[in-house]
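The first residue in the sequence is number 1, and the count goes up from there. Remember, predicted model here, so these are calculated numbers, not experimental data.
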Amino acid sequence: MLAHRPDEAICRHRRSGPISAGAPPKAESWTLDTFLKAAEACHKAGYAFGIGLGATTDSVDTAGAIFHAFGGMLVDAKGNVTVKSDPVRQALDYYARLARFFPPDAPAWDDASNNKWLISGRGALIMNPPSAWAVAKRDAPQIAEQLWTHGMPAGPQGRFAPFLPFFWGIWSFSRNQSAAKSLLAHLSQPSAIEKMVAASGGYDLPSFANLTTLKTWAEEGPPKGTLYHYPNPYNHQILSIAAAPAPPKIAAQIYVQGLMTKMTVRHMQGEPMEKTLAWAEGEIEGYMRT
């Protein structure tokens, strides 16, 4: 989550998150209720939170983390459709209320929209890795020096952060599998990982939990240390994947179709809760038939 300080008096609530490199997160009051109040205040001041409601990664990941914070699962691990549950109702009610403080065209946003919104100086916050900060550092340094990356707000079931795993693999038909395995083993060493993190300016995260305090995140700036909390060094967030814990075949459909963001837009625009849930249930049942 990247926060921009357009006005310290208006958006000071975002400062309840971690504000100094190396220090443990001071996030006890950084809750979804606080987040909603901050979104309303910044919206009134003309600096809306730049969170998308489209069907691309940034929008879906954010919705997934919010739903997880309420324990809202559309489908459980056994494949049972659980859309019409109280946790899902609570999550949808909250996110629809929050979404009213997003930019009016948020349902049409893609993964570039929130970055542009923040770098333009019009937004107070986006949900994103620090790639937007890196672009601001290059193109709008006056914005970059006001940015800070910090954790998600906590909900009734905990503090959940979006997570997307990526994997390296070796094809079974590869001609030199031994050399390929040696290369992957080398690239997985701490010294190699540190070089890759530095080369990406702190954007790339290693897969190992004990490699979240590399010096790049503490030293990058401006402001110095702005990336420190990005790799979750204190493990104060639960990393989660949108649509989990549904079985992969169903979860993939929920994810790529942007089902949670579509539910949010429908309800935000006035569709009754139960009608939205019934529509989503029908969509999921369709996924199961394909």
Side-chain angles (χ1 to χ4, degrees), residues 1-5 11 13-28 30 35 38 49-52 57-62 64-66 68-69 111-112 114-119 123-141 143-154 158-166 190 192-242:
M1 181 183 295
L2 281 170
H4 169 221
R5 188 184 63 186
C11 296
H13 1 299
R14 69 98 177 166
R15 287 290 191 176
S16 61
I19 61 172
S20 59
K26 297 179 180 178
E28 293 79 9
W30 187 231
F35 194 62
F49 283 9
I51 300 175
T57 302
D58 289 347
S59 298
V60 174
D61 289 343
T62 301
I66 297 295
H68 278 305
D111 285 350
N114 55 353
N115 295 7
K116 293 176 181 177
W117 181 258
L118 185 72
I119 294 169
L125 174 148
I126 65 172
M127 301 284 199
N128 209 73
S131 51
W133 167 82
V135 175
K137 181 181 177 182
R138 182 192 68 199
D139 298 340
I143 299 295
E145 65 188 18
Q146 298 182 61
L147 299 180
W148 195 266
T149 304
H150 59 78
M152 291 285 290
R159 191 183 309 278
F160 288 81
F163 174 69
L164 278 180
F166 291 86
I193 289 173
E194 186 167 13
K195 290 179 182 178
M196 287 190 286
V197 169
S200 72
Y203 176 84
D204 288 335
L205 294 176
S207 300
F208 308 107
N210 62 342
L211 293 175
T212 58
T213 57
L214 301 178
K215 64 181 181 180
T216 296
W217 295 305
E219 296 178 356
E220 279 286 345
K224 184 176 181 180
T226 182
L227 306 183
Y228 184 81
H229 292 274
Y230 167 56
N232 196 36
Y234 289 92
N235 294 314
H236 76 301
Q237 304 181 93
I238 303 167
L239 302 183
S240 64
I241 302 174

Least distance between heavy atoms, G151 atom then Q237 atom: CA-OE1, 3.4 Å

Heavy atoms from other residues, nucleotides or ligands near OH of Y203 exceed 12 (cutoff 6.0 Å): no

For I126 against G50, the heavy-atom pair lying closest together: CG2-O, 3.5 Å

Nearest non-hydrogen partners of A144 and P223, listed with the distance: O-CD, 3.6 Å

W133 side chain vs T226 backbone, donor-acceptor pair below 3.5 Å: no

Parallel, tilted or perpendicular, as decided by the 30° and 60° cut-offs, for the rings of F49 and F35: tilted

Interatomic distance, I119 atom CD1 to N114 atom CG [nearest 0.5 angstrom]: 9.5 Å

Whether H229 and H236 hold their rings parallel, tilted or perpendicular, with breakpoints at 30° and 60°: perpendicular

Intermediate values then yes/no, side-chain contact (heavy atoms from CB on, under 4.5 Å), W217 and L205: CA-CA 10 Å; W217 295 305; L205 294 176; 3.7 Å; yes

4.5 Å side-chain heavy-atom contact, Y230 and E220: no

M152 to A161 - nearest heavy-atom pair and separation: CG-CA, 3.9 Å

OG1-CG distance between T57 and D111, expressed to the nearest 0.5 angstrom: 5.0 Å

Nearest-0.5 Å distance, CG of residue L125 to CH2 of residue W148: 15.0 Å

Side chain proximity check, T213 to Y228, heavy atoms < 4.5 angstrom: yes

Minimum-distance pair of heavy atoms, taken over all atoms of L214 and E194: CD1-CA, 3.9 Å

Donor-acceptor under 3.5 Å (H68 side chain, I241 main chain): yes

Side-chain touch V135/N115, heavy atoms, less than 4.5 angstrom: no

Heavy-atom closest pair, residues A132 and L118: CB-CD2, 4.1 Å

Value rounded to 0.5 Å, distance of CE in M1 from CG in N128: 11.0 Å

